[in-house]
Number of protein chains: 2
Amino acid sequence: MSRASHRAYETIRSMILSGELPAGGQLAEEALAERCGVSRTPVRDALRRLESDLLVTRTDTQRSFVADWSLDDVADAFELRAILEGRAARRAAERMTEAAFERIRAANLRISEAIHQPEPDVSGFLDGNRDFHSEILETAGSRRLSALLSTLIEQPVVWRTAHHYSRDALLRSHSEHEELIAAFARRDGAWAEAIMAGHILRAYHAYSDAHRGLAQLDSSRGVN
Amino acid sequence: MSRASHRAYETIRSMILSGELPAGGQLAEEALAERCGVSRTPVRDALRRLESDLLVTRTDTQRSFVADWSLDDVADAFELRAILEGRAARRAAERMTEAAFERIRAANLRISEAIHQPEPDVSGFLDGNRDFHSEILETAGSRRLSALLSTLIEQPVVWRTAHHYSRDALLRSHSEHEELIAAFARRDGAWAEAIMAGHILRAYHAYSDAHRGLAQLDSSRGVN
DNA sequence: CCTGAGACATTTGTATACAATAATGTCCTA
DNA sequence: TAGGACATTATTGTATACAAATGTCTCAGG
């Protein structure tokens with residue numbers, strides 16, 4: 001993506017995720033253009049994309065607003081993620097190559113190292129975690145599945161949330177990854193699917209326990 | 001959507017689906033603008049949306065091309081549809097209201113009437129079919145599920161394909177709908193999910209049997 | 001004959017002006 | 001005071017010009 005357009009997208013997105021733009025607030029193109037330091041054209045691009053991410057909604061009369069995610073919406077997103085990432089894990093297990101297997105193991109090894117610092121390296125954990133999941137998605141080899149999941153997984157991690165995770169939660173996540181790796185080693189698609197679905201849903205409940213009643217924006221990224 | 005933008009979208013889309021724009025061919029914004037009788041601005045909008053529909057792909061250098069769907073891609077799309085529409089049917093069964101139930105039954109009644117003409121009214125069948133499925137999706141009450149499915153179901157039906165369906169295929173589809181209605185009547189989510197998944201996958205195989213080895217574009221719409 | 005540098009053509013990205021549409025406020029009437 | 005037509009304002013849609021980036025072709029040098 002080109003410079004101004006990308007910049008508008010990232011800027012608006014982070015303003016939404018950080019709460020700087022409040023949920024339900026209107027997004028006027030001109031005002032955003034000014035805040036991003038670009039013209040309306042790339043802002044319009046960005047809004048279109050944010051809309052397909054479901055971070056922005058449009059009225060029937062084409063006004064854009066910051067989407068406010070209810071608890072139900074969050075549950076909804078996690079439920080779909082569990083289904084689709086589960087399916088991705090199944091396909092990945094069935095198509096697993098040695099090279100992909102090694103990359104997945106390596107990602108989980110990085111996670112392990114990040115966790116076992118004196119003070120857990122959450123940022124390192126999240127990097128490894130992202131790689132772990134995206135390697136699996138890659139191995140699943142379905143463009144459409146990737147496309148669908150990309151709308152459910154908000155990529156830029158909201159660090160302030162991530163840093164609340166306990167070492168226990170990180171360790172549990174790591175060990176679930178290990179079990180996934182075992183399923184991959186055996187090329188057992190059904191097993192991999194079951195573990196992955198559970199992995200995502202556990203992340204959901206950890207999230208909902210922690211955030212019950214709070215602002216619900218930075219949701220679709222748990223420790224998974 | 002506004003006039004020019006909508007026009008560009010519909011025009012380009014139908015040119016792709018009809019094969020007027022060959023799979024793999026480049027889509028230059030200016031040329032499309034001229035053919036649609038609008039400026040580049042709405043064309044760019046349309047291309048963005050078609051890209052998210054996976055009807056158009058972009059290179060890393062931002063050139064747009066007509067996506068060519070391999071047989072695997074088609075199988076992929078149907079597999080995901082089966083999963084997601086199955087889930088929608090389950091949720092719909094669990095949330096079914098009398099009013100929604102009646103609308104769904106009415107849609108299938110219209111299908112029945114369309115089929116039982118001396119010469120089957122395929123267009124009427126497809127209208128009813130669309131209503132039937134969209135009522136279920138509506139009743140499922142998940143914005144995200146709707147958003148995901150909309151990228152898998154190409155709305156504008158390719159009539160030339162539809163007209164090849166045999167009366168038998170139409171009748172079978174109708175009777176599967178009846179079974180779904182029975183599941184809804186009993187609020188049996190698991191049953192509804194199973195029937196719906198089978199319904200979609202049968203449509204896939206009908207499609208793939210009919211089109212094996214032919215051009216694969218107008219795919220994601222079977223008799224379902 | 002191959003290769004790569006550079007000029008040229010093509011295509012996309014961005015800014016801006018203006019048109020069209022929706023939202024808002026005002027005033028009049030009942 | 002409530003409601004509704006109209007004017008006003010705000011916001012989005014579209015066209016266009018130009019900038020930036022990409023692709024292509026030619027031709028010199030090896």
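In what follows, every chain begins at residue 1, and chains take the letters A, B, ... in the order their sequences are listed. Side chains are part of it too, since the values below use all heavy atoms of this structure and drop only hydrogens, waters and symmetry mates. Every value quoted in this text rests on a predicted model; they were computed, and no experiment measured them.
The side chain of A:T61 contributes no N or O atom lying less than 4.0 Å from OP1 or OP2 of D:dT12. Dashed line: the shortest gap from a side-chain N or O of A:Q62 to OP1 or OP2 of D:dG13 is under 4.0 Å. A close approach under 4.0 Å does occur between a side-chain nitrogen or oxygen of B:R44 and OP1 or OP2 of C:dG13.
Using a cut-off of 4.0 Å between Lys/Arg side-chain N and Asp/Glu carboxylate O, A:E85 and A:R90 are scored as not salt-bridged. Look at A:R144 and B:E79 and you find no salt bridge, because none of the NZ, NE, NH1 or NH2 atoms lies under 4.0 Å from a carboxylate O.
Using a 3.5 Å distance cut-off with no hydrogens or angles, the side chains of A:T151 and A:D53 do not pair a donor with an acceptor.
Taking only side-chain atoms of A:R63, from C-beta outward, the nucleotide of C:dT12, C:dA22, C:dT14 with the closest atom is C:dA22. Set against D:dT12, D:dG13, C:dT12, the side chain of A:R48 has D:dG13 as its closest nucleotide.
Of the residues in residues 30-40 of chain A, those placing a heavy atom less than 4.0 Å from an atom of DNA chain C are A:V38, A:S39, in numerical order.
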Give every donor-acceptor pair under 3.5 Å between a side-chain atom in residues 94-101 of chain B and any protein atom, sequence neighbours left out.
unit_1	atom_1	unit_2	atom_2	d
B:T97	OG1	B:A100	N	3.1

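No contact: A:L47 has no heavy atom under 4.0 Å from any strand. Counting non-hydrogen atoms under 4.0 angstrom, B:T41 reaches a base of the nucleic acid. Among the heavy atoms of the strands lying under 4.0 Å from A:R58 are primed sugar atoms or P, OP1, OP2 only; no base atom is included.
By the 30° and 60° cut-offs, the orientation of the rings of B:H133 relative to B:H177 is perpendicular.
D:dA21 atom P lies 9 Å from atom CZ of A:R3, rounded to whole Å. A straight line from CD of B:E29 to C1' of D:dT16 spans 14 Å, rounded to a whole angstrom. One interatomic measurement links the two molecules: CG of B:L27 to P of D:dG23, which rounds to 15 Å at whole-angstrom precision.
Each end of the helix from C:dC1-D:dG30 to C:dA30-D:dT1 gets its own axis from five base pairs, and the two axes differ in direction by 20°, given to 10 degrees.
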